[in-house]
Amino acid sequence: MEFGVIKLSSPLSSSALNLQDYSSPVGRNHFKKSLHPQLLSSPLPKPFLQLNDRPHSFPYQQNSDHLSPRTYRRSMSAEAGKQSWDLGRFLKTIFFFNEPPTPAKFFEFVSEKLSSPSPSKPEKKMETSGIVLVAGATGGVGRRVVDVLRKKGLPVRVLVRNEEKARKMLGPDVDLIVGDITKESTLVPEYFKGVRRVINAVSVIVGPKEGDTPDRQKYSQGIKFFEPEIKGDSPEKVEYIGIRNLINAVKGSVGLQDGKLLFGFEDNNYRELAWGALDDVVMGGVSESTFQIDPNGGENGGPTGIFKGVVSTANNGGFTSIRTKNLSTAEDLSAYDGLELRLKGDGRRYKLIVRTSRDWDTVGYTAGFDTVGDQWQTVRVPFSSLKPIFRARTVSDAPPFDPSNIVSLQLMFSKFEYDGKLNPTFVEGAFKLPLSSIRAYLKEPITPRFVHVGSAGVTRPDRPGLDLSKQPPAVRLNKELDFILTFKLKGEDLIRESGIPYTIVRPCALTEEPAGADLVFDQGDNITGKISREEVAQICVAALESHYASGKTFEVKSVVPFSEPFTVDPQNPPPEKDYNVYFKTLKDGITGKEILEQDPVPV
């Protein structure tokens with residue numbers, strides 16, 4: 001056994017804790033003398049050995065001291081056959097992971113476990129679908145994006161300001177949240193639960209000074225045909241502050257390109273977890289481990305955590321482990337594909353155990369991994385590889401692993417694997433496993449999680465030597481329109497710097513024409529022309545599924561000149577495009593800002 005389960009068949013129940021003698025006065029007095037005074041007087045509101053879920057701050061030093069010479073000798077003597085179980089270390093384990101129990105609560109726990117051996121099951125089930133959030137879903141591009149996603153059978157949620165307008169336009173049953181990206185307080189975290197990808201079609205409203213028809217016919221023709229002005233919120237509020245608010249709202253649910261650090265040291269980042277030793281002492285064994293921080297033990301001379309100890313099979317033991325206290329707030333890692341460990345191997349096989357329940361004695365979702373001796377390596381454990389294990393046995397009817405509710409982590413070195421198998425690399429004695437970080441990761445190839453509809457021309461108002469008379473109206477009127485393109489560019493920069501896998505689509509002048517014309521994709525913000533809103537919507541949805549589009553910024557137009565209308569014969573529509581043909585031509589790092597950075601013009 002290796003999950004901290006107390007059974008009367010182990011030395012712990014009969015000799016170490018003298019349970020059979022507890023009913024006699026002599027046995028009772030002996031038991032009381034063995035316990036810390038606080039252990040006898042403090043009530044335990046939760047079942048014995050159950051982790052508490054209170055917020056905590058537990059410095060490593062309190063549980064990460066080096067193995068003392070006395071401890072090392074005691075452990076080694078156990079290997080030599082002096083099977084001496086350590087009650088004090090058992091109690092230390094209990095104190096670290098839980099409140100001190102009363103003797104009455106202890107026996108209540110033992111009785112419950114003997115009569116009810118089944119593990120508690122996590123209440124929550126894993127979400128099986130990733131929702132695509134469309135922001136600006138009632139706009140010209142946004143509503144078409146919703147339509148394309150629905151035709152593909154993808155789950156859609158829309159973020160709108162006007163519920164009545166949205167339901168009238170998109171249908172009464174649309175999955176809808178009401179919020180305004182310019183008002184951070186309206187973007188409630190619960191709204192974005194289950195969202196895995198975002199298409200942002202929000203844009204500042206530009207309309208004719210003289211007014212427009214109720215269905216915005218003049219606006220649909222493009223600002224080339226009317227004298228424009230900003231309607232409603234300013235470009236700064238929508239294109240910059242709004243983008244910042246939206247990024248912050250969805251970042252936790254869509255995932256980051258470089259993953260999410262759960263523990264350890266990376267660059268200037270450090271994330272602490274309260275690790276405690278959980279060894280076979282809880283079932284009568286004598287193995288012992290600890291977790292400490294070595295300030296100079298990392299692969300580049302920096303700090304690292306170290307899981308180390310001595311493992312022994314004495315008293316039917318044979319495992320050591322470190323486990324975190326229950327996190328005060330469960331980690332939602334449903335946007336990610338697994339956990340990545342950066343460690344220095346010793347040629348042995350270890351286990352990673354992830355728990356989604358706050359109960360102590362419950363299913364642990366487990367995967368073994370091999371290490372290479374004396375070599376720093378990255379170990380990836382996909383969530384799909386985790387098996388539900390309870391008391392070293394696979395639980396066939398356990399709920400699927402729920403990455404949205406991770407409560408604790410555990411690392412183990414054990415003689416046992418599960419279902420009767422043994423660890424082929426197990427050797428008794430001392431071991432040491434430096435561990436510099438644990439992070440959630442996105443599997444490769446990584447596809448975009450945030451597709452943004454921007455605008456061609458965003459780098460041109462301040463471009464030196466540019467003939468503005470030959471540029472589109474938005475470029476010529478950037479100042480008059482409250483620096484609309486300037487703030488669009490600043491919003492793009494926030495997306496590129498967010499860490500979210502992204503695609504930024506910069507359409508040229510938008511039209512109400514149908515999709516289907518041949519296209520020109522370009523980078524560097526130089527082209528002018530027109531493109532249909534329907535085509536832009538199809539490009540955005542295609543980008544979500546293409547790793548070639550990830551991390552790219554590009555402009556797009558049709559080959560049809562402004563002077564020529566584009567129509568489609570419904571009886572003979574153009575073939576569907578493979579947008580990957582275009583995405584494959586794109587390069588990283590080209591935005592058009594390169595010219596500005598060579599000769600910057602202050603704004």
Side-chain angles (χ1 to χ4, degrees), residues 1-20 31 34-35 48-49 51 63 65 67-98 101 106 109-110 113-114 117 275-291 307-323 348-351 353 360-361 364 366 368 389-393 410-433:
M1 298 302 153
E2 52 184 80
F3 289 93
V5 179
I6 300 176
K7 298 190 73 176
L8 291 181
S9 59
S10 72
L12 168 64
S13 56
S14 59
S15 59
L17 289 181
N18 203 12
L19 299 184
Q20 295 175 348
F31 185 76
S34 303
L35 298 177
F48 182 59
L49 284 182
L51 296 183
N63 196 57
D65 51 316
L67 292 176
S68 66
R70 180 179 63 82
T71 299
Y72 186 86
R73 285 195 301 270
R74 182 173 66 239
S75 301
M76 293 305 292
S77 70
E79 295 175 49
K82 300 178 182 178
Q83 301 178 356
S84 174
W85 183 73
D86 191 337
L87 173 62
R89 192 157 57 84
F90 170 75
L91 296 178
K92 181 180 178 182
T93 300
I94 303 307
F95 271 78
F96 178 79
F97 285 106
N98 207 342
F106 169 80
F109 168 82
V110 172
K113 289 306 173 186
L114 290 176
W275 296 95
L278 182 57
D279 305 319
D280 57 20
V281 68
V282 297
M283 52 175 285
V286 297
S287 301
E288 184 169 4
S289 67
T290 187
F291 186 78
F307 170 34
K308 64 185 293 187
V310 177
V311 65
S312 168
T313 58
N315 291 357
N316 296 317
F319 76 88
T320 61
S321 76
I322 52 171
R323 176 170 165 175
R348 296 174 177 174
R349 180 176 296 175
Y350 291 83
K351 294 180 189 178
I353 303 169
W360 171 270
D361 193 21
T366 306
I389 304 296
F390 181 67
R391 303 183 188 177
R393 297 289 179 185
Q410 185 174 357
L411 278 174
M412 178 177 288
F413 178 52
S414 175
K415 171 184 176 180
F416 314 99
E417 294 205 347
Y418 33 79
D419 298 332
K421 297 179 181 179
L422 298 178
N423 182 351
T425 70
F426 179 78
V427 179
E428 292 190 74
F431 70 93
K432 179 180 178 181
L433 185 74

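Side chains included, hydrogens not; waters and symmetry mates left out as well; all remaining heavy atoms used.
- In this structure, Ser312 contributes its side chain and Ser287 its backbone to no donor-acceptor pair below 3.5 Å.
- Counting heavy atoms from C-beta on, the side chains of Asn423 and Lys351 never come closer than 4.5 Å.
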Q: Might you work through the side-chain contact (heavy atoms from CB on, under 4.5 Å) test for Arg323 and Trp360, ending with a clear yes or no?
A: CA-CA 11 Å; Arg323 176 170 165 175; Trp360 171 270; 4.2 Å; yes
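- One finds the CD1 atom of Ile353 at 9.0 Å from the CG atom of Leu278 (value rounded to the nearest 0.5 Å).
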Q) Can you list the steps and then say if Arg349 with Glu417 is a salt bridge (charged side-chain N to carboxylate O under 4.0 Å, His left out)? A) CA-CA 10 Å; Arg349 180 176 296 175; Glu417 294 205 347; 2.6 Å; yes
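- Side-chain N/O atoms of Asp279 and Ser289 include a donor and acceptor closer than 3.5 Å.
- With hydrogens and angles ignored, the 3.5 Å screen pairs no side-chain donor or acceptor of Ser414 with any backbone N or O of Met412.
- Distance alone, capped at 3.5 Å, places no donor-acceptor pair between the Lys308 side chain and the Ala430 backbone.
- By the ring-ring contact (aromatic ring centres under 6.0 Å, His included) test, Phe307 is found to be paired with Phe431, residues two or more places apart in sequence or in another chain being considered.
- In this structure the side chain of Glu288 never reaches within 4.5 angstrom of the side chain of Thr320, judged on heavy atoms.
- When only modelled atom types and interatomic distance are considered, Glu428 and Thr313 share a side-chain donor-acceptor pair under 3.5 Å.
- Scanning all heavy atoms of the two residues, the minimum distance from Val286 to Asp280 falls at N-OD1, 3.2 Å.
- Contacts of Arg348 classified as side-chain hydrogen bond (donor to acceptor under 3.5 Å, both in side chains), with partners at least two apart in sequence or in another chain: none.
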Q. So Gln410 and Thr366, side-chain contact (heavy atoms from CB on, under 4.5 Å) or not? Walk me through it.
A. CA-CA 9 Å; Gln410 185 174 357; Thr366 306; over 6 Å; no
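- Note: Asn316 CG to Met283 CE = 6.5 Å, rounded to the nearest 0.5 Å.
- A ring-ring contact (aromatic ring centres under 6.0 Å, His included) with Phe426 holds for exactly one of Phe413, Tyr350, Phe319; it is Phe413.
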